[in-house]
Amino acid sequence: MRKIEKLYEGKAKILYSTEEPGKLIQYFKDDATAFNARKKGTIKEKGILNNKISSRLFELLENEGIKTHFIERVSDRDMLVKRVEIIPIEVVIRNVAAGSLSQRMGIDEGANLKDTILEFYYKSDRLGDPMINEYHIKAFSLATEREIEFIKVMALKINRFLLRYFDNKGIRLIDFKLEFGRYDGEVLLADEITPDGCRLWDKESGERMDKDRFRRDMGKIEEAYLEVYERIMGVQ
Ligand code: TMP
């Protein structure tokens with residue numbers, strides 16, 4: 001499948017049209033941003049690793065009966081996906097306190113939560129992705145009630161699968177962000193699942209294996225992404 005036209009350039013990916021109207025190529029860049037793009041940099045080979053990590057996770061989720069936009073990985077940095085209409089909501093699932101939750105609630109990072117937390121953010125770079133709830137979603141028609149119910153069930157199902165999956169790889173899934181899109185009357189999991197949008201901590205050492213290493217200038221960023229990739233692929 002050939003790239004025809006650049007349709008959209010985001011912070012970490014570029015979307016291209018292809019010969020087929022219902023299919024896009026999602027190209028993974030090495031660019032990394034944080035704090036609503038106020039911090040910018042590159043993480044060498046991140047695009048290649050993220051494409052491979054996300055492709056593998058989407059495949060596994062499809063096997064679990066979760067519908068995604070993933071069709072196939074076509075090269076190191078290119079993923080063929082269904083052309084969805086992105087629902088402008090970021091869904092964050094949290095298993096352990098960290099990041100903005102710790103700040104907002106004044107609790108230590110790593111503190112256990114009695115239950116899983118599901119949060120919604122309005123996907124808007126201009127506004128810095130403000131947190132919203134289901135009333136905002138309804139009042140601003142961001143998604144229908146049925147879509148939101150479906151998204152919640154899917155996000156929790158994805159969490160249950162990924163928690164167990166990463167645990168088997170010696171990784172604690174602290175939190176992560178998902179995006180969904182509309183396609184042919186259905187809602188599909190879209191975007192990516194990579195260390196850019198997840199917090200992944202080594203089970204034994206507690207080392208961070210995700211974009212917090214970039215956000216917080218912790219060093220060994222490339223190494224962390226490679227380690228996640230190798231554990232996922234089962235490379236020792
Ligand atoms: P937070 O603690 O900063 O709210 O982030 C929660 C999770 O969501 C974390 O795994 C990183 C991910 N995330 C994104 O993927 N994109 C974003 O814009 C933000 C703010 C968080």
Side-chain angles (χ1 to χ4, degrees), residues 8-13 26 28-41 43 46-47 49-51 53-54 57-58 68-69 86-113 115-133 136 142 151-152 154-156 158-159 161-163 165-167 169 171-181 189-202 206-218 221 224-225 227-228 232:
Y8 171 79
E9 178 153 8
K11 288 177 285 203
K13 298 187 293 295
Q26 180 166 264
F28 287 75
K29 304 192 280 185
D30 286 347
D31 296 352
T33 64
F35 315 119
N36 204 23
R38 275 177 282 127
K39 180 181 173 113
K40 288 195 172 97
I43 302 173
K46 171 171 84 84
L49 295 172
N50 276 0
N51 187 20
I53 291 169
S54 204
L57 294 177
F58 281 145
T68 78
H69 71 157
I86 285 284
I87 297 171
I89 297 171
E90 300 196 350
V91 183
V92 170
I93 295 275
R94 301 181 186 272
N95 297 304
V96 175
S100 70
L101 177 71
S102 287
Q103 281 189 349
R104 200 176 332 118
M105 300 300 288
I107 39 167
D108 289 342
E109 290 201 299
N112 278 324
L113 302 173
D115 207 350
T116 309
I117 295 176
L118 187 153
E119 298 171 341
F120 296 115
Y121 294 84
Y122 177 42
K123 188 173 156 62
S124 163
D125 284 341
R126 185 173 66 86
L127 302 173
D129 301 343
M131 192 194 243
I132 53 173
N133 65 30
H136 300 89
L142 301 179
I151 285 171
K152 285 196 290 186
M154 281 301 121
L156 293 171
I158 292 164
N159 184 45
F161 173 77
L162 290 180
L163 263 177
Y165 176 77
F166 278 116
D167 186 66
K169 307 283 181 188
I171 296 173
R172 290 175 76 197
L173 177 62
I174 305 298
D175 57 31
F176 60 99
K177 185 262 294 178
L178 299 173
E179 293 181 30
F180 293 84
L189 176 65
D191 193 48
E192 63 177 70
I193 304 179
T194 67
D196 273 12
C198 302
R199 284 198 173 90
L200 304 168
W201 295 1
D202 182 74
E207 269 299 319
R208 288 169 193 261
M209 306 165 72
D210 55 60
K211 204 167 92 176
D212 272 347
R213 303 201 73 84
F214 168 78
R215 293 188 189 98
R216 303 178 188 191
D217 296 320
M218 298 168 82
I221 309 169
Y225 278 66
E227 177 70 23
V228 172
I232 285 178

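Whatever order the structure lists them in is the order used to number ligands and atoms, beginning at 1.
- Distance remark: protein heavy atom present below 4.0 angstrom from atom 14 (C) of ligand 1.
- Of all atoms in ligand 1, listed by their number and element, those nearer than 4.0 Å to a heavy atom of C198 are 10 (O).
- Figure legend: K39 and F214 shown as a cation-pi pair, the cationic atom lying under 6.0 angstrom from the six-membered ring centre and within 45 degrees of its axis.
- For atom 16 (N) of ligand 1, the nearest protein heavy atom (residue, atom name, distance) is K177 CE, 3.7 Å.
- The atoms of ligand 1 that sit less than 4.0 Å from any heavy atom of F176 are 10 (O).
- The pair D175-R199 counts as a salt bridge, with a side-chain nitrogen and a carboxylate oxygen less than 4.0 angstrom apart.
- Protein heavy atom at the shortest distance from atom 4 (O) of ligand 1 is S100 OG, 2.6 Å.
- Using a cutoff of 4.0 Å between basic side-chain nitrogens and carboxylate oxygens, E192 and K177 are not scored as salt-bridged.
- Under a 4.0 Å N-O distance rule, the pair K46/D31 does not qualify as a salt bridge.
- Side-chain rings of H69 and F58 approach one another, their centers coming within less than 6.0 Å.
- With values rounded to the nearest 0.5 angstrom, T68 atom OG1 is found 6.0 Å from L189 atom CG.
- Looking from atom 6 (C) of ligand 1 to the surrounding protein, the closest heavy atom is R199 NH1, 3.6 Å.
- Listed by atom number, the atoms of ligand 1 under 4.0 Å from G99 heavy atoms are 2 (O).
- D175 OD1, 2.5 Å is the protein heavy atom nearest to atom 10 (O) of ligand 1.
- Among all non-hydrogen protein atoms, the one lying nearest atom 19 (C) of ligand 1 is E90 OE1, 4.7 Å.
- A salt bridge does not link D167 to R172: none of the charged nitrogens lies less than 4.0 Å from a carboxylate oxygen.
- Residue-level proximity to ligand 1 for D129 is carried by the side chain, the only part with a heavy atom below 4.0 angstrom.
- Within the 4.0 angstrom cut-off, atom 21 (C) of ligand 1 has no protein heavy-atom neighbours.
- Salt-bridge check for E227 with K169: failed, with every basic side-chain N at 4.0 Å or more from each acidic carboxylate O.
- Proximity of R94 to ligand 1 is established by a heavy-atom distance of less than 4.0 Å.
- Using a 4.5 Å heavy-atom cutoff, the side chains of F180 and I89 are not in contact.
- Close approach of ligand 1 to R215 (heavy-atom distance below 4.0 Å) involves ligand atoms 11 (C).
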